[in-house]
Number of protein chains: 2
Amino acid sequence: MRLSTKGRYAVTAMLDLAINGKNGPVTLAEISENQGISLSYLEQLFAALRSKELVRGVRGPGGGYYLGKSSDEISIANIICAVDEWVEFTRCGGRQNCSGGARCLTHTLWDDLSSEIFNFLANISLGDLVRRNLGKKDGEEPSLNVVANADSQAA
Amino acid sequence: MRLSTKGRYAVTAMLDLAINGKNGPVTLAEISENQGISLSYLEQLFAALRSKELVRGVRGPGGGYYLGKSSDEISIANIICAVDEWVEFTRCGGRQNCSGGARCLTHTLWDDLSSEIFNFLANISLGDLVRRNLGKKDGEEPSLNVVANADSQAA
DNA sequence: TGATTACCAAGTGATTTAGTAGGAATTAAC
DNA sequence: GTTAATTCCTACTAAATCACTTGGTAATCA
């Protein structure tokens, strides 16, 4: 499994698209400008997003990108999976040669852990992020209490 | 932020240590054998774990590693942070030149998201994992319902 | 003394990251 | 119909990271 800045770029760009795409498509040049991400790198990320139908491109002057679905139908997990390919590889392909050993024991456990994180991200939609953002002024700290996790206490 | 196989290696090794270290220290050679991780790579991971006092090494014959604290005092987040350095870097160091722009807006939001994940991992201790494991037989699927998250629903 | 272990530092091939470069295809505006 | 704006596509690249190897040194037990 994997969850790095690449996914963050994609989420940031999609959020920009969700916020600024209300009236007409948004160009990658604008997102590049807004978010400080290189244009060609954005193109590559959006190629992946498009293949998963999370965005829809319109060519020519006045073109740009729309969201492929409503922002409430797009989860953060969707976005990250599109660009980052959330593979949680088992070292022992399938179930061979790790029947009772400590290796298999720990890896199924780690897979459970990563699927918990997946569920967490799958329960936050792009629409949630937009609403959380627009409801706040700049100085305020936007808290992110989403569906999945009500009682998070700091360590 | 970052959460890859390197952290998984460390968690796996620590779990092995917690399970097999009841009576006497465990050598890295044993963990290497059990988990299929190269010995020298383990050494590097354990150098990081030792610097955070999560493990304690004993040299010489009959030596090996102990846990540095009780397994209930070590969280998964502790382990991952030790080897993976959980940096959630803000592109605009501090608060310069992103007062109201969309950039800062999205990055504080992403930071919230990553701290949610951090809290999630911080609420699972190594002891939790051990108990979850030992209570099960091999064939069974070990469910991972931990303190932090009671109501996880699949997406 | 010798074996066994942790410790330490440097190097390496493969992969990923974040980006450049250079185009081709589509379409709106002139 | 030409031009400009935009998406789309392929290939390349420097830097970083991953997982590992090599070759040691230091401590400690028998």
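Hydrogens, waters and symmetry mates are skipped; everything else that's a heavy atom, side chains included, is used. Order of the sequence lines sets the chain letters (A, B, ...), proteins ahead of strands, with each chain counted from 1. Only a predicted model underlies this, so the values are computations on that prediction, with no experimental measurement involved.
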Separation of C:dC8 atom C1' from B:Leu45 atom CG, nearest Å, is 15 Å

From CG of B:Asp84 across to C1' of D:dA16 the rounded distance in Å is 14 Å

Here the gap from A:Ile80 atom CD1 to A:Tyr9 atom OH, rounded to the nearest 0.5 Å, amounts to 15.0 Å

List the atom pairs, donor and acceptor, that lie under 3.5 Å between side-chain atoms in residues 49-76 of chain A and the rest of the protein, sequence neighbours left out.
residue : atom : partner  : partner atom : Å
A:Ser51 : OG   : A:Ala48  : O            : 2.8
A:Ser70 : OG   : A:Asp72  : N            : 3.0
A:Asp72 : OD1  : A:Arg131 : NH1          : 3.2
A:Asp72 : OD1  : A:Arg131 : NH2          : 3.0
A:Glu73 : OE1  : A:Ser70  : N            : 3.3
A:Ser75 : OG   : A:Ala77  : N            : 3.4
A:Ser75 : OG   : A:Asn78  : N            : 3.0
A:Ser75 : OG   : A:Asn78  : OD1          : 3.1

Any side-chain heavy-atom pair of B:Asn123 and B:Asp128 under 4.5 Å: no

Rounded to the nearest 0.5 Å, the OG atom of A:Ser38 sits from the CD atom of A:Gln44 at a distance of 7.5 Å

Taking every heavy atom of B:Glu43 against every heavy atom of B:Leu28, the minimum-distance pair comes out as CG-CD1, 3.7 Å

- Message: It should be established whether B:Tyr41 places a side-chain nitrogen or oxygen under 4.0 Å from OP1 or OP2 of nucleotide D:dT22.
- Response: no

Here the distance between atom C1' of C:dC7 and atom CG of B:Leu49, to the nearest Å, is 14 Å

Rounded to whole Å, CG of B:Leu42 lies from C1' of D:dA19 at a distance of 11 Å

Looking only at heavy atoms, the pair that brings B:Leu42 and B:Ala13 closest together is CD2-CB, 4.0 Å

Given protein heavy atoms under 4.0 Å, the one-letter contact record of nucleotides 2-11 of chain D, with B base, S sugar-phosphate only and - none, is simply --BBBBBB-B

Atom OH of A:Tyr9 and atom P of C:dT17 are separated, to the nearest Å, by 12 Å

